[in-house]
Amino acid sequence: MNKISNRQVICEVLLENAKTDKDIVVLCSDSRGSASMTPFFNTYPEQSVETGIAEQDLVGISAGLAKVGKKPYAFSPASFVSTRSYEQAKVDCAYSDTNVKLIGISGGVSYGALGMSHHSAQDIAAFAAIPNMRVYLPSDRFQTRCLFEALLKDQKTAYIRVGRNPVEDVYEEGNVPFEMDKATVLCEGDDVAIVATGEMVKPAKDAAALLLEKGIHATVLDMYCVKPLDKEAVIKAAQNAKAVITVEEHSPFGGLGSMVSQVVGAACPRKVVNLALPDAPVITGTSKEVFEYYGLDAKGIAKTAEEILK
Amino acid sequence: MENLKALSYELRRDVMDIIMAGKAGHIGGDMSVMETLVSLYFHTMNISPENQDDPDRDMLVMSKGHCVESLYAVLAKKGFFPLEQVLKEYSQFGSHFIGHPNNKLPGIEMNSGSLGHGLPVAVGMAIGEKMDGRSARVYVVMGDGELAEGSVWEGAMSATQYKLDNLTAIVDRNRLQISGTTEEVMHQDSVEERFKAFGWNVLSVAGNDVEAMNAAFDEAKAFKGAPTLIVANTTKGCGSPVMENKASWHHHVPTQEEYDQIMKDLKEREEAALHE
Ligand SMILES: Cc1ncc(C[n+]2csc(CCOP(=O)(O)OP(=O)(O)O)c2C)c(N)n1
Ligand SMILES: [Mg+2]
């Protein structure tokens, strides 16, 4: 089982690039430990800004830095950066068009037993609703690296959500198909199309393997780019299948499921089932317990597929 | 009267057991805030399981909600729920005893966890109490790192605008947050001067001295015309040198060895307090 978390990979990529790119600035709000950014703060103190427990300040300062030519990467738990500093993200990053990368760490239900204040089941919906804001949820450590290498090259704001714990690999070292803003097709089949994002991609991939044992053929899309959504890939997958399942660690409203349903409904109507967290405070437990409980694991996804194909 | 000093050490041992049982918790801030909570629940506030639905009861908002384990220990001792239930359920699958205050549980008024919310909420409660002419008092406990949140200062302004002498705020001034000292991370000195500048009545006391806290709360009750801030100057991890004044103990779960040593130290301090 992989021991390297996606947040650690982000730190590695930024450390490598900050050596030559002195405009890279990392900002934390008493969150450098949970962001895995302590090595960056220690190596490049002159390229680091600590704001204390002040997420509005974090994002406002980032926008100001970007305005004068810096490339800020602001890290804070997804629960706080997507709510407390939402207006700064909307006005100072997206509306003013500043090159601020917002990284929501410990996303989704990573902080299982800490309760709803610490869960971010609304961040995709919130950020996707802001014009000019992009939303990315990388699925594993290899894709996280590809994504950040791509983000380093662009000049626009984006929100990236990662979880707290290491996730099992979806890809293999040296074999990571990645094209910016294009979904990655993990497998193709003409019974059901499963569109997943972030840490739900691995269970979706495993579900496809379970289904294959039963003679059910699934397409699995790794939709790390929730916005801009790769509509073409969604339509192609849906057209070839009898039904579509979306899987996300998010509220059932306004996230990947809503967006995929809109596209499928308009372009090639099919039955679409959205697997997501409930519209309620999430049950207390570890991520694993929570996912199992709500059918967001490989078994649950496969079961849903079998039921809708009946 | 009960020996509240000894009680504070006894309840710290309950906190240790809660954290060991759930393998989680914010031990440093739990230990620093203990005398504040003991003074509130066993000396200051008009609150008990018997009057928990009475509109005239005093109310606490635990704004530094991550230190819920100390609140669980105190509420259990007050009889709101059995300690055994906390030990069994805290942080477990499906439990209401989560890592932050949750008002699905008896004795907890408001949910928290995201820092910087408590003071504005307490201001609203205090304004409401005054509107309805009730004598209930409102208390809010904040961390010192928490003071970096702008919302704290919006609340601080409103509290004096509305002359909320029924509101007492406490800052657990342990001088540490997650990433280091408050002065390194985001300076807070002087908390006293800042709140005075906002028009508050400010008391600065030894926050791990329960007698001093009792006296400060009495003084706050008597003060008219403005809200009172009590700066409780505390030691993070107070109770054993193993954990005192160490940023790394913000949410460290003790090893068995550390646990044994800390329990021994706490027991010694409790015994000493009983024989003072
Ligand atoms: C809005 C918000 N940002 C970040 C956090 C994460 N967090 C939990 S505890 C903590 C440090 C709190 O320090 P302080 O207020 O000094 O509390 P204490 O020392 O009493 O534990 C942080 C940053 C949070 N709970 N809420
Ligand atoms: Mg502190």
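In what follows, chains are A, B, ... by sequence order, proteins preceding strands, each numbered from 1.
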K.L.:
Is the NZ atom of A:Lys202 crowded by more than 12 outside heavy atoms at less than 6.0 Å?
P.N.:
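Yes - once you tally the heavy atoms of other residues, nucleotides and ligands closer than 6.0 Å, there are more than 12.
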K.L.:
Taking 4.5 Å as the heavy-atom cut-off, does anything in residues 74-88 of chain A contact chain B, and if so which residues?
P.N.:
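Counting heavy atoms that sit under 4.5 Å from chain B, the residues of residues 74-88 of chain A involved are A:Phe80, A:Arg84.
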K.L.:
Show the nearest heavy-atom pair for residues B:Ile178 and A:Asp30, with the distance to one decimal.
P.N.:
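In this case the closest contact between B:Ile178 and A:Asp30 is N-OD2, 3.2 Å.
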K.L.:
For chain A, find its close neighbours in residues 138-149 of chain B: heavy-atom separation under 4.5 Å, sorted by number, or none.
P.N.:
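Residues of residues 138-149 of chain B touching chain A at under 4.5 Å: B:Gly145, B:Glu146, B:Ala148, B:Glu149.
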K.L.:
Which atoms of A:Ser34 come close to chain B, meaning under 4.5 Å heavy atom to heavy atom: side chain ones, backbone ones, both, or neither?
P.N.:
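For A:Ser34, no heavy atom lies under 4.5 Å from chain B.
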K.L.:
Looking at A:Lys22, I want to see if its NZ is surrounded by more than 12 non-hydrogen atoms of other residues, nucleotides or ligands under 6.0 Å.
P.N.:
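Yes, the 6.0 Å shell around NZ holds more than 12 heavy atoms from other groups.
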K.L.:
Around atom NZ of A:Lys303, are there more than 12 heavy atoms from other residues, nucleotides or ligands closer than 6.0 Å?
P.N.:
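Open: at most 12 neighbouring heavy atoms sit under 6.0 Å from NZ of A:Lys303.
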K.L.:
I would like to know whether B:Gln177 and A:Ile53 meet side-chain contact (heavy atoms from CB on, under 4.5 Å); could you show each step before the answer?
P.N.:
CA-CA 9 Å; B:Gln177 51 190 106; A:Ile53 310 169; 3.6 Å; yes
K.L.:
Check whether B:Glu184 gets within reach of chain A through its side chain, its backbone, both or neither, counting any heavy atom under 4.5 Å.
P.N.:
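For B:Glu184, no heavy atom lies under 4.5 Å from chain A.
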K.L.:
Do the rings of A:His118 and B:His100 sit parallel, tilted or perpendicular, given the 30° and 60° boundaries?
P.N.:
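It falls in the parallel class, under 30°.
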K.L.:
With a 4.5 angstrom heavy-atom cut-off, which part of A:Tyr293 approaches chain B: side chain, backbone, both or neither?
P.N.:
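It is the side chain, since no backbone atom gets that close.
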K.L.:
Would you say that more than 12 heavy atoms from the other residues, nucleotides or ligands in this model lie under 6.0 Å from the OH of A:Tyr95, or not?
P.N.:
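Open: at most 12 neighbouring heavy atoms sit under 6.0 Å from OH of A:Tyr95.
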K.L.:
Once rounded to the nearest 0.5 Å, what's the spacing between atom OG of B:Ser179 and atom CE of A:Met37?
P.N.:
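Result: 13.0 Å between the selected atoms.
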K.L.:
A:Thr38, A:Ile283, A:Leu114: which one forms the most heavy-atom pairs within less than 4.5 Å of chain B?
P.N.:
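Option with the greatest count: A:Leu114.
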K.L.:
Of all of B:Gly22, B:Ser95, B:Gly116, B:Gly65, which one pairs up most often with chain A through heavy atoms under 4.5 Å apart?
P.N.:
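Option with the top pair count is B:Ser95.
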K.L.:
Return the CZ to NZ distance between B:Phe93 and A:Lys288, rounded to the nearest 0.5 Å.
P.N.:
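It is 11.0 Å, given to the nearest 0.5 Å.
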K.L.:
Please find the pair of heavy atoms, one from A:Ser117 and one from B:Gly113, that lie closest to each other, and give the distance.
P.N.:
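Of all heavy-atom pairs spanning A:Ser117 and B:Gly113, the closest is OG-CA, 3.5 Å.
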K.L.:
Is the shortest side-chain heavy-atom distance between A:Thr284 and B:Gln92 below 4.5 Å?
P.N.:
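The answer is no; the side chains never approach within 4.5 Å.
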K.L.:
Surrounding CD of B:Glu257 (heavy atoms of other residues, nucleotides or ligands, distance under 6.0 Å), is the total greater than 12?
P.N.:
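Incorrect, the count does not exceed 12.
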K.L.:
Looking at A:Met116, A:Arg32, A:Glu50, which has the largest count of heavy-atom pairs under 4.5 Å with chain B?
P.N.:
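Ranked by contacts with chain B, first place is A:Glu50.
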K.L.:
Please classify the contact between B:Ser112 and chain A as side chain, backbone, both or neither, with a heavy-atom cut-off of under 4.5 Å.
P.N.:
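Only the backbone of B:Ser112 comes within 4.5 Å of chain A.
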